[in-house]
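Quick notes on the structure that follows.
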Amino acid sequence: VPFFFVITGMHFFKNDLSKENIRKCALHKGLHFLKLLLIVNFVYLLYSLCWYLCYGYTLKEWLDLKFSLSNIARYIINSTLVKDNSNEVLHLWYLVSIIKCSVIFILLAPIFQRVYKLITVELLSILYLVNYMYGNILKSIHLNWVLIGLTFLQVGIFIEDYLNTKIYTL
């Protein structure tokens, strides 16, 4: 999964780390992934509804399970809908992670533009320490979108910036 974040990061800002481009591209990517997430969630919700109805649950029971306040809060925080027997959308945390990272890039564009290399190194160091102290962090990766997602997005941005610098200096 970190590889997917790196590749996404390499194509995130289109070789331009100006404050305006960071905000524009982050907004564009965030909205693109949000649209994709809404479409996929709609399909999974239809699947879940069919699954529940086939196993004898009522529409009211399904609505109570899926759209309770605790499940909506869990979705926003953990990027997953409630795990139930229909096994839906547990893997969509990646899309939500990209959306959350886009929001961070939009809010912190002026800071990011100047010190993203330093932030990348610091986040990688924190990731290494947390992994060393508490075991394999990848087991709970969907809860760690900041450590995993933002860190490896920035690694991709760093690689792309480095490659462009090398090309221009040849």
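The side-chain heavy atoms of F67 and W62, taken from C-beta on, include a pair separated by under 4.5 Å. The side-chain heavy atoms of I157 and F105, taken from C-beta on, include a pair separated by under 4.5 Å. Looking at F152 and F3, their side chains never come closer than 4.5 Å, going by heavy atoms from C-beta outward. For the pair T8/F12, a side-chain contact is recorded, criterion being any heavy-atom separation below 4.5 Å from C-beta on. Side-chain contact between H11 and C25 is absent, with no heavy-atom pair separated by less than 4.5 Å. K35 places none of its side-chain heavy atoms less than 4.5 Å from the side chain of L31. Taking the side chain as every heavy atom from C-beta outward, I98 and F5 approach each other to under 4.5 Å. Between L49 and L59 the shortest side-chain heavy-atom distance falls below 4.5 Å.
Note: I106 CD1 to K19 NZ = 14.0 Å, rounded to the nearest 0.5 Å. The structure places OG of S97 at 7.0 Å from CG of L153, a figure rounded to the nearest 0.5 Å. Taken to the nearest 0.5 Å, the CG atom of L95 stands 12.0 Å off from the NZ atom of K100. Atom CG of L65 and atom CD of E61 lie 9.5 Å apart (nearest 0.5 Å). The CG atom of L27 sits 13.5 Å away from atom CD1 of I22, with the distance rounded to the nearest 0.5 Å. The NZ atom of K29 sits 13.5 Å away from atom SG of C101, with the distance rounded to the nearest 0.5 Å.
No path of Ile, Leu, Val, Met, Phe, Trp and Tyr side chains, each step under 4.5 Å between heavy atoms, connects L53 with L46, placing them in separate hydrophobic clusters. Using a 4.5 Å cut-off between side-chain heavy atoms of Ile, Leu, Val, Met, Phe, Trp and Tyr, with links allowed through other members, V43 and L36 fall into different hydrophobic clusters. Neither I39 nor L37 shares a network with the other; the hydrophobic side chains, linked directly or stepwise wherever heavy atoms of I, L, V, M, F, W or Y lie under 4.5 Å apart, form separate groups for each. Under the 4.5 Å side-chain heavy-atom criterion for grouping Ile, Leu, Val, Met, Phe, Trp and Tyr, Y47 is connected to L45 within one hydrophobic cluster.
Contact between R23 and L107 at its shortest, heavy atoms only, is NH2-O, 4.4 Å.
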Original post:
Can you list the steps and then say if L163 with M10 is a side chain to side chain contact (heavy atoms under 4.5 Å, CB included)?
Top reply: CA-CA 10 Å; L163 291 175; M10 288 179 72; 4.1 Å; yes
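Considering Y57, Y52, W51 in turn, W51 is the only one that fulfils the ring-ring contact (aromatic ring centres under 6.0 Å, His included) rule with Y55.
Listed for the S48 side chain is no donor-acceptor partner under 3.5 Å among the backbone atoms of Y44. In this structure, Y94 contributes its side chain and F4 its backbone to a donor-acceptor pair below 3.5 Å.
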